[in-house]
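Quick notes on the structure that follows.
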There are 2 protein chains.
Amino acid sequence: MNQKTAQPSANKPASLADVAAMAGVSTGTVSRTLSRPEMISEETRDRVMQAVQKLGYVVNGAARALAMRRSHTIGAVILKFGSSNFAQVVEGLESEVAKKGYTLLLSAPVPDGKTEFTALAAMLARGVDAIALLGFEGLEQTTEILARYPIPHAHLWGDPKGGGHCIGLDESRNGRIALEHLADLGHKEIGLIWGQTQSPLRYRSRLRLQGVKAAAKKHRLHINPDACIYTEHGFEQGRHAAKQLLSASTGITAILCASDYLAVGAMRGLQESGLRVPRDMSVASFNDNDFSAYVNPPLTTLHIPIREVGMKAGHYLLSQLGEAMGSDPHALEVQLKIRESCGAPASRK
Amino acid sequence: MNQKTAQPSANKPASLADVAAMAGVSTGTVSRTLSRPEMISEETRDRVMQAVQKLGYVVNGAARALAMRRSHTIGAVILKFGSSNFAQVVEGLESEVAKKGYTLLLSAPVPDGKTEFTALAAMLARGVDAIALLGFEGLEQTTEILARYPIPHAHLWGDPKGGGHCIGLDESRNGRIALEHLADLGHKEIGLIWGQTQSPLRYRSRLRLQGVKAAAKKHRLHINPDACIYTEHGFEQGRHAAKQLLSASTGITAILCASDYLAVGAMRGLQESGLRVPRDMSVASFNDNDFSAYVNPPLTTLHIPIREVGMKAGHYLLSQLGEAMGSDPHALEVQLKIRESCGAPASRK
DNA sequence: GAGAACGGTTCCGTAGGACCG
DNA sequence: ACGGTCCTACGGAACCGTTCT
């Protein structure tokens with residue numbers, strides 16, 4: 001009884017065989033009709049298409065992936081999703097790969113110990129064609145499995161020395177640009193509210209800090225170690241740090257923050273303590289988040305093309321996959337947004 | 001020659017057969033060892049595990065999905081990713097489904113015409129086990145294919161009347177709560193900066209507005225139609241709208257905004273025009289975004305548990321999939337965050 | 001442990017028509 | 001008019017790597 005006939009509307013999704021039966025052709029023909037229609041005569045093509053329509057057929061991705069050894073899926077594994085700008089990166093990445101019919105498979109493990117590795121392994125098991133790693137630590141196990149599984153992968157915001165293709169900016173230069181702005185304004189003594197710089201994960205942060213310090217030395221601008229606070233990123237952390245800085249009475253006239261989160265929080269802390277920005281204290285930072293132009297005062301910050309980093313990664317991965325991509329249009333240019341949170345230093349008290 | 005022997009380190013990923021050959025067992029045994037280790041004798045289990053280790057074996061998800069008819073993947077298709085709080089929803093969703101070993105497949109089509117449908121079809125083709133729809137319009141084609149493909153799905157922020165399981169809040173009530181705060185403060189004449197309310201996509205926005213208006217009537221508070229501006233969400237739009245409102249000279253003492261983006265932009269616009277918030281004008285809104293407590297002045301806003309909506313959706317979908325989930329812990333409670341952007345109305349000029 | 005699904009893709013082969021000398 | 005060749009459109013079947021009986 002149970003022949004290979006088309007079941008008009010069973011409760012199971014229609015398969016290729018169902019379509020073939022209804023159209024009176026073989027499964028191979030249906031497959032070809034769908035993937036390379038020009039190889040099929042118009043007449044049978046119509047018949048097949050009709051059957052497809054009628055049965056509401058959609059391919060089974062698992063079967064397809066198994067046969068083709070291509071899933072048309074790009075993995076993105078993200079350490080610390082919430083507390084950073086990764087959402088924007090993901091958005092850029094998604095929009096880029098979607099152009100070629102790829103879909104993003106997302107994993108955002110909470111970073112503790114070796115989840116980095118297990119998350120990566122899970123991605124690989126899912127059969128992604130390529131993989132984007134955001135904020136990776138570069139554990140041994142990680143690099144090893146990456147080497148064993150020869151699929152294209154890119155580190156976003158990673159350490160170039162960790163091996164593999166890295167996408168990011170010249171953070172040392174970024175640090176310099178920001179500091180020079182402060183120097184140009186006439187500041188001689190500044191404070192820092194920075195992120196953690198220890199772990200390998202904080203590579204970028206460390207590099208940026210080096211750029212700041214080198215430029216400070218060059219411009220004879222003093223960064224008092226007592227006026228440097230290292231903390232996590234976040235508004236509240238910035239607010240708290242600013243108050244600490246104030247209580248230390250170090251004579252600084254400006255604060256350079258590692259992120260807009262920190263900076264906006266810091267401005268809030270300063271204002272709560274009765275200081276005016278920028279009259280009493282200048283504040284500058286990095287990233288140019290969407291809110292930064294609309295806080296009060298608008299924040300002077302170095303614009304980082306975050307979304308573009310995601311797009312660039314997508315472009316790279318796709319081209320590695322053999323997709324025709326053209327040359328990379330994503331330039332990753334940084335731009336200092338001079339707004340109102342920085343001014344000349346107040347005359348010394 | 002080419003027997004089924006293990007190839008220690010070819011350039012192809014090891015398969016189940018390779019592991020089986022190396023361990024001297026059948027593929028079935030290996031499969032069981034991996035999925036239900038307790039069924040296998042300790043001795044052979046060790047042998048298998050060793051082979052797995054040695055070959056760096058990881059399962060082929062496509063083959064597994066094909067055989068089990070389960071991909072352990074949840075689709076999330078998102079209309080208008082960037083311009084909303086969907087990133088947080090996605091984060092919540094991801095964290096919830098990850099607990100049970102599921103991964104998110106992400107699609108964020110640019111919404112124009114029927115992309116909603118094609119994106120959905122693409123997800124289905126990928127073989128997701130369940131699907132979360134964020135910000136859907138409820139096109140006919142969409143609901144039809146959803147009906148045909150009997151997989152669990154949930155609409156987030158959708159219209160309950162559109163059919164299907166909807167997750168969201170009582171927006172009418174939310175509108176009322178915000179308005180009553182303004183009424184309690186003594187405001188009699190207020191303005192609105194709101195999002196679009198026309199398209200089906202804006203269902204939530206419309207409902208919230210209805211709640212506001214109903215409460216206004218009840219509390220004898222006047223909403224001057226000339227002081228209502230409908231625009232897109234965004235800082236710049238808010239800033240622009242505030243200036244429009246000012247030039248209309250309508251005697252309003254407070255502005256209620258549909259989102260924090262709008263509100264923060266509006267405050268900026270007011271400040272640029274020389275007004276002080278809240279002395280000259282109160283501003284309130286909805287969402288309680290992360291930056292809202294740190295702008296100047298801190299924004300009074302109705303906290304919406306956005307991340308929790310994502311988690312709740314994950315919980316629902318997983319339980320529909322037959323995972324043991326326990327009762328739903330996500331209550332979705334709203335909370336008015338009274339900060340400093342609202343005060344009593346200034347005495348009339 | 002053997003072997004049949006699972007649902008596609010793709011290689012290979014062939015029927016049949018067009019075209020040629 | 002006929003045998004041979006080339007080409008196109010399609011059918012048949014092997015194969016992808018698991019799971020489950």
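Hydrogens, waters and symmetry mates are skipped; everything else that's a heavy atom, side chains included, is used. Throughout, a chain's letter reflects where its sequence line sits, starting with A, and its residues are numbered from 1. Remember, predicted model here, so these are calculated numbers, not experimental data.
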Please evaluate residues A:V89 and A:L156 with respect to the criterion side chain to side chain contact (heavy atoms under 4.5 Å, CB included), reporting the C-alpha separation (whole Å), side-chain torsions for both, the decisive distance (0.1 Å), and the verdict.
CA-CA 9 Å; A:V89 184; A:L156 279 66; 3.3 Å; yes
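Among B:E96, B:E94, B:E91, the single residue meeting the salt bridge (charged side-chain N to carboxylate O under 4.0 Å, His left out) criterion with B:R307 is B:E91.
Judged purely by distance below 3.5 Å, without hydrogens or angles, the side chains of B:T73 and B:R126 never pair a donor atom with an acceptor atom.
Separating the CG atom of A:D18 from the C1' atom of C:dG7 is a distance of 10 Å, rounded to the nearest angstrom. The separation between A:D46 atom CG and D:dA9 atom C1' is 15 Å, rounded to whole Å. In this entry the distance linking CD of A:E42 with C1' of D:dT8 reads 15 Å, nearest Å.
Considering CE of A:M22 and CG of A:D18, their distance stands at 8.5 Å, rounded to 0.5 Å. For the atom pair CG (A:L104) and CG (B:L106), the distance works out to 6.0 Å, reported to the nearest 0.5 Å.
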For residues 318-325 of chain A, run the donor-acceptor check on the side chains, cut-off 3.5 Å, and write out each pair with its distance to 0.1 Å, sequence neighbours left out.
unit_1	atom_1	unit_2	atom_2	d
A:S319	OG	A:H315	O	3.3
A:S319	OG	A:Y316	O	2.8
A:E323	OE2	A:Y102	OH	2.8

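Within the shown strands, nothing qualifies as a pairing partner of D:dA1 under the Watson-Crick or G-U definition with both distances less than 3.5 Å.
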With B for base contact, S for sugar-phosphate-only contact and - for none (protein heavy atoms under 4.0 Å), nucleotides 13-21 of chain D reads ---BBBBBB
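Using a 4.0 Å heavy-atom cutoff across all strands shown, B:G61 reaches no nucleic acid atom at all.
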